[in-house]
Amino acid sequence: MNSVRRAVFFVSDGTGITAETLGHALVAQFDIEQFSQTPLPFVDSPERVEEALQQINAAADRGPRPIVFSTLIDRAARERLLGSNAMVMDLFGAFLEPLEHELGRQSAHALRRAHAIADQQQYHTRMEAVNFALQHDDGMTIRQYENADVILTGVSRSGKTPTCIYLAMQFGIKAANYPITVDDLESDGLPNALRPHRLRLFGLTIEPEQLCQIRSERRPNSRYASLTQCQMEVEETERLFRKHRVPYLDTTSVSVEEISSKLLQTMGLERQLY
């Protein structure tokens, strides 16, 4: 395998989220090459275009030809980038122009339109969902559980918080989370805070060995992090889920994106953001 890491750039006139998302998905299919990945957001002027070109060409001088994923809208900027010493994936050029042809009209070619706050209602929905997730994180408060779209529950450190934040940011879903504690497991019933909301519950579980490793990073050599404790908590929590017909998912080798998609599908929730 070539020891020189190939440079990958994500170039955008906005935040670069689209370029990075598509680019990461593509380069992830190649486990032989090693990549050095650099985002170049807000390339929204001739000066910024030239700065990006210099950085890309400098990388080409140092090693293999760079790969560039671009979502630049401005045609002149796109043409300038195509002249770089790199393999350029013009994502908007590949999809926008055929779409213009199909629709029989020109696109707006407006900078940063993909992630602009053009729809204030959408922005408000996202911020409201994020605030809800933060206010109802880790069982800090159980108020307004009746307003939650979903309540994630499971043992401590099973991935509840990042999933709630992702659901809020990407889908506008109001997600609370409640940790199942050892005290909760002393009873065969759901915790009192969750009983009225069983139909909103979605459980997360994890392999005890992985949970032990995660907890040990936080509290090494503690009973909380011991494998015996982790095995007991996971086993009893899964038993609780099965008894009360709470759908649940093993998060051990599943990304937060996959968890969120499977949760939406299982719970029949519709995304609020587009």
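Residues take their numbers from the sequence shown, with the count starting at 1.
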Can I151 be reached from F241 by stepping across I, L, V, M, F, W or Y side chains whose heavy atoms are under 4.5 Å apart?
yes
Under a 3.5 Å distance rule, please check whether Q29 uses its side chain to pair with a backbone N or O of A25 as donor and acceptor.
yes
Heavy-atom closest contact (C212 atom, S216 atom, distance)
O-OG, 2.7 Å
Worked check of side chain to side chain contact (heavy atoms under 4.5 Å, CB included) between N177 and D137
CA-CA 5 Å; N177 80 75; D137 181 45; 2.7 Å; yes
Would Q210 and T252 satisfy side-chain hydrogen bond (donor to acceptor under 3.5 Å, both in side chains), going step by step from the backbone distance to the final call?
CA-CA 7 Å; Q210 179 73 8; T252 304; over 6 Å; no
Which of these passes side chain to side chain contact (heavy atoms under 4.5 Å, CB included) with Y178: L190, L152, D138, L194?
L194
Between I56 and A86 the two heavy atoms that sit nearest each other are CG2-CB, 3.7 Å
Angle between ring planes, H24 versus F10, binned at 30° and 60°: parallel, tilted or perpendicular?
tilted
Minimal heavy-atom distance between Y224 and R215, with the atoms involved, is O-NH1, 2.9 Å
Among E51, R48, E50, find the one that has a side chain to side chain contact (heavy atoms under 4.5 Å, CB included) with V43.
R48
Looking at H136 and F132, would you say the former's side chain and the latter's main chain have a donor-acceptor pair under 3.5 Å?
yes
Joint cluster assignment, L263 & I165, ILVMFWY side-chain distance < 4.5 Å:
no
Minimum heavy-atom distance between A77 and V49, given as atom pair plus value
CB-CG2, 3.8 Å
How are the rings of F171 and Y166 set relative to one another: parallel (under 30°), tilted (30 to 60°) or perpendicular (over 60°)?
perpendicular
Ignoring hydrogens and geometry beyond distance, is a side-chain donor-acceptor pair present between Q229 and E233 at under 3.5 Å?
yes
Quick one: pull up CZ in F202 and CD1 in I259 and give me the separation to the nearest 0.5 Å.
8.5 Å
Joint hydrophobic cluster, F42 plus V11, side-chain heavy atoms closer than 4.5 Å:
no
Between the CG atom in D149 and the CD atom in Q272, the distance rounded to the nearest 0.5 Å is 6.5 Å
OG1 of T125 to CD1 of I173: how many Å apart, nearest 0.5 Å?
10.5 Å
Check whether more than 12 heavy atoms from other residues, nucleotides or ligands sit under 6.0 Å from atom CE of M232, and answer yes or no.
yes
Interatomic distance, L211 atom CG to S156 atom OG [nearest 0.5 angstrom]
7.5 Å
Would a single hydrophobic cluster contain both L40 and M89, if residues Ile, Leu, Val, Met, Phe, Trp and Tyr are joined by side-chain heavy-atom contacts under 4.5 Å?
no
What are the two closest heavy atoms between T163 and S260, and how far apart are they?
CG2-OG, 3.9 Å
Check E146 with R200, please: is the shortest side-chain N to carboxylate O separation under 4.0 Å?
no
Please walk me through it: do H124 and Q121 pass side chain to side chain contact (heavy atoms under 4.5 Å, CB included)?
CA-CA 5 Å; H124 175 73; Q121 182 57 45; 4.0 Å; yes
Would you find a donor on one side and an acceptor on the other, under 3.5 Å apart, between the side chain of D184 and the backbone of T181?
yes
Could you walk me through whether Q170 and L273 satisfy the side chain to side chain contact (heavy atoms under 4.5 Å, CB included) test, starting with their C-alpha distance in whole Å, then the side-chain angles of each, then the deciding distance to 0.1 Å, before giving a yes or no?
CA-CA 7 Å; Q170 297 297 321; L273 302 175; over 6 Å; no
Can you tell whether the side chains of R157 and E217 come within less than 4.0 Å, N to carboxylate O?
no
Are R239 and D188 ion-paired here, with the side-chain N under 4.0 Å from a carboxylate O?
yes
R5 versus P64, closest heavy-atom pair with distance:
O-CD, 4.5 Å
Could you please spell out the steps behind the side chain to side chain contact (heavy atoms under 4.5 Å, CB included) verdict for F92 and L72?
CA-CA 7 Å; F92 273 7; L72 293 179; over 6 Å; no
Roughly how far, to the nearest 0.5 Å, is the CG atom of L204 from the OG1 atom of T251?
6.0 Å
Are L201 and Y145 connected, step by step, through hydrophobic side chains (Ile, Leu, Val, Met, Phe, Trp, Tyr) whose heavy atoms are closer than 4.5 Å?
yes
Nearest 0.5 Å please: distance from the CE atom of M87 over to the CZ atom of F69.
7.0 Å
Count the heavy atoms belonging to other residues, nucleotides or ligands that lie under 6.0 Å from CG of N221, then report whether that count exceeds 12.
no
Is the closest side-chain donor-acceptor distance between T237 and Y248 under 3.5 Å?
no
Could you tell me whether the side chain of R6 and the main chain of F35 form a donor-acceptor pair under 3.5 Å?
no
With a 3.5 Å distance limit and no angle check, can you tell me whether K160 reaches the backbone of V155 through a side-chain donor-acceptor pair?
yes
